[in-house]
Q: 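Sharing a structure, written as structure tokens. Questions coming.
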Amino acid sequence: MSDRRHLVGHAYTPYTFPVEHGKVREFALAVKDEDPVYRDAGAARDAGYRHLPAPPTFSAVTSHWAVRDADVLRLDLRRVLAGGAEWEYLSEIVAGDVLTVRSRIADVQEKTGSRGPMTLIVTEHDFVNQHEETVLRLRSTVIELGEQ
Amino acid sequence: MPATVAPERRVGPLTRTDFVRYAGAGGDFNPIHHDEIFARSAGYPSVFGHGLLTAGILGGYAASWLGRRNMRRFTVRYVGQVWPGDTLVLGGEVLRTGTGPDGGTEVEVGLTVHSEAEGREPRLVLRGGATAVYPARALARAAGSRA
């Protein structure tokens, strides 16, 4: 396993994506969330939103938009597990917003656990809306298990 | 303010189609979640659900319990895989109540997801938490409307 600790601080190319009405609906369906605010703009407005709000883990949809940078981590997908994530909600995100995402590698740790050697990689993402307001911070951890 | 213990919610049984639908919605096409041949070559008995699918289902549950506009923080740590046929059992309880930054009430909760399947003991698959804030103003207004 190659040591990837030198990658801490690596910044990915920022990108911008629109929060789409249909994508909010599709995502809420996929996570089996039946709250009407995710499908009915009227219900969303009655609940005090400007438009359909983004579900709590909607940040996942950025996989569709992220710039395909050179693969600095070179993860082996057979050995990759999701470790965890932390979302910090700073302000509202609704359909029609345009978000810019800035991501960087925040931490790389080589560890030995019950399943042998593993690498923990923490990535931080800041989401900034069209009014230059940071609306969401996400910290996510992936684990790559060592080769058997 | 949320009830001290969240009402249990059961979701499932989850199918391969649920995993594929999540892959499309979220955009994570790691074949380990939809390609049986690939998953077996990696040493797993079958495909398994995205961690973020379980997290997404739990996020909706937490938001409906705590009030989605009150939620300030949501965390998940994955501790086990979700297999096709598993039913998720979601739970939550208040761990701590204190004063928030603007004089309101800040509530910290613990969240769990267990996976159940026929013929198997329920397994913990995700441990999570959330922080929700209830402004003093809103509480005063709510109290006023009850008077």
Side-chain angles (χ1 to χ4, degrees), chain A residues 17 20 22-38 44 47-49 53-66 75-94 115 120 136-143 145 147-148, chain B residues 9 11-12 14 18-33 35 38-44 48-64 66-81 88 126-133:
Chain A
F17 77 101
E20 294 158 300
K23 199 69 194 172
V24 167
R25 172 67 181 138
E26 182 191 5
F27 191 84
L29 269 175
V31 297
K32 301 178 180 288
D33 194 327
E34 281 157 20
D35 191 327
V37 297
Y38 301 127
Y49 295 103
T57 63
F58 186 74
S59 56
V61 306
T62 53
S63 315
H64 288 291
W65 296 94
L75 296 173
D76 178 349
L77 292 182
R78 288 182 174 78
R79 295 185 281 122
V80 168
L81 291 172
E86 174 170 359
W87 290 263
E88 192 186 346
Y89 306 107
L90 303 170
S91 194
E92 211 165 273
I93 301 173
V94 297
R115 300 180 68 166
L120 271 67
L136 174 69
R137 286 211 178 96
L138 165 65
R139 207 175 144 84
S140 61
T141 305
V142 297
I143 299 169
L145 302 173
E147 288 175 76
Q148 298 295 309
Chain B
R9 184 181 172 209
V11 177
L14 296 179
D18 289 321
F19 302 165
V20 170
R21 184 194 282 269
Y22 185 79
D28 177 354
F29 285 96
N30 182 342
I32 210 136
H33 301 300
D35 181 337
F38 183 89
R40 289 201 177 131
S41 78
Y44 294 102
F48 56 92
H50 303 73
L52 276 171
L53 169 58
T54 307
I57 293 171
L58 183 68
Y61 170 77
S64 70
L66 300 170
R68 45 161 303 114
R69 311 189 82 164
N70 303 101
M71 223 155 85
R72 293 291 179 275
R73 197 182 59 91
F74 173 56
T75 64
V76 298
R77 199 163 59 78
Y78 307 110
V79 294
Q81 264 104 358
L88 303 181
L126 187 158
R127 198 187 289 285
T131 307
V133 175

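In what follows, every heavy atom counts, from backbone to side chain, and hydrogens, waters and symmetry copies are set aside.
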Q: Based on non-hydrogen pairs under 4.5 Å, which of A30(A), A66(A), P53(A), S140(A) is most in contact with chain B?
A: A30(A)

Q: Considering only heavy atoms, which portion of Y49(A) lies under 4.5 Å from any heavy atom of chain B: side chain, backbone, both, or neither?
A: both

Q: Search all heavy atoms of G26(B) against all heavy atoms of F27(A) and return the closest pair with its distance.
A: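 What the structure gives for the nearest pair is CA-CE1, 4.3 Å.
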
Q: Given heavy-atom pairs under 4.5 angstrom as the criterion, report whether the side chain, backbone, both or neither of K32(A) touches chain B.
A: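 Backbone plus side chain of K32(A), per the 4.5 Å heavy-atom cut-off to chain B.
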
Q: Measure the CG-OG1 distance between L14(B) and T54(B) for me, rounded to the nearest 0.5 Å.
A: 7.0 Å

Q: Under a 4.5 Å heavy-atom cutoff, which of G51(B), G129(B), A130(B), S41(B) has the most pairs with chain A?
A: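 If we count pairs closer than 4.5 Å to chain A, S41(B) comes out on top.
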
Q: For L88(B), is it the side chain, the backbone, both or neither that has a heavy atom under 4.5 Å from a heavy atom of chain A?
A: neither

Q: For V11(B), is it the side chain, the backbone, both, or neither that has a heavy atom closer than 4.5 Å to a heavy atom of chain A?
A: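 For V11(B), side-chain heavy atoms alone lie under 4.5 Å from chain A.
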
Q: Counting heavy-atom pairs under 4.5 Å with chain A, which one of P31(B), G60(B), A23(B), A39(B) comes out on top?
A: G60(B)

Q: With rounding to the nearest 0.5 Å, note down the distance linking CZ in F29(B) to CG in L77(A).
A: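 Here the rounded value is 13.5 Å.
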
Q: A63(B), G27(B), S64(B): which one forms the most heavy-atom pairs within less than 4.5 Å of chain A?
A: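 The answer is G27(B).
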
Q: Around R72(B), counting heavy atoms of other residues, nucleotides and ligands shown, do more than 12 lie under 6.0 Å from its CZ?
A: yes

Q: Can you say whether L29(A) sits under 4.5 Å from chain B via the side chain, the backbone, both, or neither, judging by heavy atoms?
A: both

Q: Please classify the contact between Y44(B) and chain A as side chain, backbone, both or neither, with a heavy-atom cut-off of under 4.5 Å.
A: side chain

Q: Please report the shortest heavy-atom distance between F58(A) and F17(A), naming the atom on each side.
A: CE2-CE1, 4.5 Å

Q: Could you check whether any side-chain heavy atom of L120(A) comes within less than 4.5 Å of a side-chain heavy atom of I143(A), counting everything from C-beta outward?
A: yes

Q: Taking every heavy-atom pair that is under 4.5 Å apart, which of R73(B), M71(B), R21(B), R68(B) has the most such pairs with chain A?
A: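 Of the options given, most contacts go to R68(B).
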
Q: With only heavy atoms counted, which part of A47(A) is less than 4.5 Å from chain B, the side chain, the backbone, both or neither?
A: backbone

Q: Nearest 0.5 Å please: distance from the CG atom of L126(B) over to the OG1 atom of T75(B).
A: 8.5 Å

Q: With rounding to the nearest 0.5 angstrom, report the CG to CD1 distance, L136(A) to I93(A).
A: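 These two atoms lie 5.0 Å from each other.
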
Q: Would you call H33(B) and F48(B) a side-chain contact if the rule is heavy atoms closer than 4.5 Å?
A: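 With C-beta onward as the side chain, the pair touches.
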
Q: Which bit of I57(B) is near chain A, if near means a heavy-atom gap under 4.5 Å: side chain, backbone, both or neither?
A: both

Q: Chain A: which of H50(B), Q81(B), R69(B), R127(B) shares the most heavy-atom pairs with it under 4.5 Å?
A: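 Ranked by heavy-atom pairs under 4.5 Å with chain A, first place is R69(B).
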
Q: Which atoms of A55(B) are under 4.5 Å from chain A, going by heavy atoms: the side chain, the backbone, both sets, or neither?
A: both

Q: Got Y38(A) and P55(A) here, is their nearest side-chain heavy-atom distance under 4.5 Å?
A: yes

